[in-house]
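Atoms considered below: every heavy atom in the structure, side chains included; atoms not considered: hydrogens, waters and symmetry mates. Everything numeric here is computed off the predicted structure, so don't read it as measured data. Just so it is clear: chains get the letters A, B, ... in the order the sequence lines come, proteins before strands, and each one is counted from 1.
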Amino acid sequence: MFGSLLNAFASPAALRNAGVLGMNRRNHDYIAAYNRRRYYPMVDDKLVTKELALKAGVPTAGLIGAIRCQHDAKNFMRMTENSPAFVIKPGHGSGGRGILVIKSHNGEEFRKADGSIIGSQQIYSHITNILSGLYSLGGQVDYALFEECISFSDVFSDFSFQGVPDIRIIVFRGYPVMAMMRLATRRSDGRANLHQGAVGVGLSIRDGKPRRAVMLDQPVTRHPDTGRMLSELAVPDWDRHLELAARCAEMIKLGYFGADIVNDREKGPLLLELNARPGLGIQIANHAGLRSRLELIGTLPSSALPSAAEKIAFAQAHFD
Amino acid sequence: MTMPRPGKSICIIVGILLLLAAAIAAFKICVLHYSFSRSVNAELWVMECRIRFTADGGPVTARLSLPYEIPGYYLVVTSQTPDYTFAVQERDGRTFSVWQSPERRGRQALSCQISFIPDAGAAAAMEEPPETPERPRWPSGQKQFAEQLLRNLDPEGRLSVPEFVKALFKQIRKGDSPAVSVLFADKRRGAPFLQVVRNLLAMKKIASREVEGVFLNDKRRRQSPALMLEIYYGGSFHRYDPVSGAVSVQKDFIPLRIGDEPLFALSGGRQAALRFSALKTNISAAGLNRLRGSFVEHSWLMDIIGYELPISEQNVFKRLALLPLAVLLIVVVRNIIGLQSMGTFMPVLIALAFLETGLAAGLIAFLLILAVGLSARALLTHMNLLMVPRISAVVVIVILLMKAISVFSYAFGFTQGQSITFFPLIILAWTIERASMVWEEDGPGTMFRQLAVSLAACIPCYFILNNDYLQYLFFTFQEFNLVILALILLLGTYTGYRLTELKRFKPLVSSCSDHS
């Protein structure tokens with residue numbers, strides 16, 4: 001029994017040989033070393049990210065507006081009257097918390113992504129919750145961000161239970177190093193967070209083809225709700241995803257971050273949000289370690305200053 | 001796991017911290033005589049000496065010979081005698097209490113307290129063999145009696161020293177020998193008696209000495225100094241009771257004077273009488289350290305260390321003294337083991353509360369408050385309240401709950417219920433808030449897991465904070481906290497895998513993975 005217990009653990013040497021990146025090393029060698037604290041607002045504040053993206057020409061979902069104080073909360077009706085579908089997000093939210101997606105509305109009844117109908121009073125109290133800091137890091141005072149709703153590509157509709165399938169690309173020093181697609185499940189309550197039970201599908205940096213898939217750190221082959229073979233997943237315009245991720249590295253001053261990208265039916269890949277502390281579950285989804293890839297990038301001289309295209313080419317040549 | 005590869009500056013800071021801690025600890029052990037061991041009740045002897053005499057009206061100087069070094073103890077002398085300047089002086093390797101006053105008249109009383117403080121570090125001084133005694137000078141006509149006595153006792157000169165001493169005292173006690181009658185005619189006791197005995201021994205070339213001292217025994221109050229005879233043979237002096245002539249077995253005899261120096265010298269006065277009382281007190285280890293430290297001149301150091309604080313404030317620091325250790329445990333749980341608790345330092349704060357309530361009662365009360373608080377929080381969820389009012393409402397509910405638990409436990413006769421007020425209620429309210437958020441977002445499973453981790457971290461914290469020896473150690477040697485700080489800094493550079501990651505990333509190294 002003790003043997004089987006021990007068997008559940010890998011030896012540190014084995015993990016090291018597999019090039020696995022641990023939480024401590026991620027925090028110490030990459031986040032603390034490459035991400036300066038003062039640049040965090042660039043990713044933690046969604047409005048700042050959006051403004052930077054607009055300036056750099058990185059495509060994102062259209063901005064409708066922002067509500068910053070309780071007094072303005074009742075104005076949301078006027079703000080959204082020209083937008084048939086919109087999303088309300090906390091400006092400093094993380095992990096998909098506090099995001100309300102309205103697929104359609106007539107000014108009185110608002111239809112959510114799961115088809116249920118809510119009234120304007122509930123939207124008003126949701127905005128109030130956001131402003132009071134319910135969803136923000138550390139409970140600080142927050143603002144509510146209104147974005148145009150993305151019309152998701154049909155190509156993923158069979159692979160996700162409600163929710164937004166998004167693609168997370170880890171970028172280090174401008175090089176895309178690892179990618180995965182996150183698919184919402186019934187278990188994850190329609191959210192695309194791995195630790196809440198979403199399916200993570202590792203994607204090859206070279207061509208965006210699926211490599212492995214995990215759910216709650218365990219390997220899976222089919223989507224638990226839709227039953228689709230995850231190996232049939234195909235990401236259109238893969239190179240544009242990589243370009244978008246690499247351009248994010250130029251617009252924010254973080255050396256190590258995760259770019260979350262969604263696929264719009266008309267506009268193609270759009271930047272959803274950036275994350276200065278991307279999780280490590282992506283390694284399990286890819287069945288590959290981050291550390292060996294990061295160390296390879298770490299050895300490259302910074303003086304050469306290759307262009308984004310060169311960096312993408314390098315990554316595609318080296319990372320499967 | 002991979003060894004940490006700390007940066008240079010961290011190594012230097014850690015080195016400085018460790019050196020500093022070692023230096024302060026060394027100072028406390030070597031100079032202040034602090035001890036690592038915490039014998040709950042150390043024995044502390046205090047001997048009081050009272051001297052009465054009549055002053056002649058001029059300057060007075062009184063000098064009292066102080067006890068010799070006793071292995072395992074060191075001495076501290078204090079005196080509260082007004083009108084006199086008091087000093088402990090050293091001369092010819094001996095220490096004396098010296099009182100001085102420019103002008104005194106009439107009856108005088110001097111006193112001093114001699115504390116015998118246990119000290120594991122003090123070693124017995126080596127005794128040098130005495131010189132062969134000179135031939136004694138006898139009063140006229142006595143020499144032949146002395147020689148006769150010796151001849152009778154040991155005609156062939158084959159007796160060993162102890163045998164000879166035994167025979168001599170036997171002869172003296174019998175008193176039927178004419179030699180004894182002559183030699184000890186008017187010298188039946190005290191110093192003159194001992195002088196004759198020593199002269200006889202000297203004729204046999206046996207070294208001896210007179211010792212005056214007192215018994216360290218709290219049954220003997222107001223004792224006068226007692227005389228003892230010490231005879232040298234077999235490499236050391238052996239103490240004899242001059243009355244019985246037997247080897248003295250009383251271990252509590254404390255020599256104050258050895259040899260011919262007077263025990264007490266007085267100028268400017270007369271009719272001096274000395275009385276000694278010994279008192280044994282049991283003292284806590286911390287009290288002993290305080291006492292040890294209080295006799296050291298660098299008393300400002302004691303202020304820093306915290307011993308000079310009033311007792312109530314000291315108790316606060318006693319609790320704080322162990323917090324760094326508990327915090328270190330949290331660092332290990334989070335960064336080495338890799339478990340997520342509900343709120344980083346919540347386990348430490350709850351453990352602090354458990355100190356007051358007791359572990360079992362505390363756990364029950366905590367879980368009870370949490371359960372009811374979560375239910376109340378669930379009701380509040382439906383009201384769509386703003387965050388700060390909602391948490392405030394939870395705080396009020398928690399207060400009411402604590403009151404209810406107190407009242408009920410009082411009604412049923414459980415006294416532990418009263419101490420429930422020690423729970424940090426804001427922390428409790430936040431814990432409830434966080435628990436309900438985790439429940440809503442990640443499901444009850446995650447919440448119970450995080451709660452279990454929090455309690456699992458809390459219980460060892462409780463045992464650390466509740467450990468008397470650790471408390472003594474960290475309160476006495478607060479510089480150990482610098483060591484903890486150094487360890488925490490080093491752990492801050494640990495970039496190896498966490499224990500939970502070895503399990504989490506196991507799929508990455510298992511070769512038999514068929515999924516692709």
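Taking CG from A:Asn24 and CZ from B:Arg498, the interatomic distance works out to 4.0 Å, rounded to the nearest 0.5 Å. If you take CG on A:Asn27 and CG on B:Asn335, they are separated by 8.0 Å, rounding to the nearest 0.5 Å. Atom CZ of B:Arg334 sits about 10.0 Å away from atom CE of A:Met23, to the nearest 0.5 Å. Taken to the nearest 0.5 Å, the CZ atom of B:Arg504 stands 4.5 Å off from the CD1 atom of A:Ile284.
No part of A:Ala13 comes within reach of chain B, as not one of its non-hydrogen atoms sits under 4.5 angstrom from that chain. For A:Leu280, the parts lying under 4.5 angstrom from a heavy atom of chain B are both the backbone and the side chain. If you measure heavy-atom distances from A:His126 to chain B, you find no contacts under 4.5 Å at all. Residue contact with chain B, scored on non-hydrogen atoms closer than 4.5 Å, is absent for A:Asn17.
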When the side chains of residues 443-459 of chain B are checked against the rest of the protein, which donor-acceptor pairs come out under 3.5 Å, sequence neighbours left out?
unit_1	atom_1	unit_2	atom_2	d
B:Thr446	OG1	B:Asp442	O	2.9
B:Ser454	OG	B:Met342	N	2.8
B:Ser454	OG	B:Gln450	O	2.8

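Looking at B:Leu502 and A:Pro12, their side chains come closer than 4.5 Å, going by heavy atoms from C-beta outward. Side-chain contact between B:Phe505 and A:Gln283: present, with at least one pair of heavy atoms (C-beta onward) separated by less than 4.5 Å. Between B:Tyr497 and A:Val20 the shortest side-chain heavy-atom distance falls below 4.5 Å.
With sequence neighbours left out, B:Ala378 forms a side-chain contact (heavy atoms from CB on, under 4.5 Å) with no residue at all.
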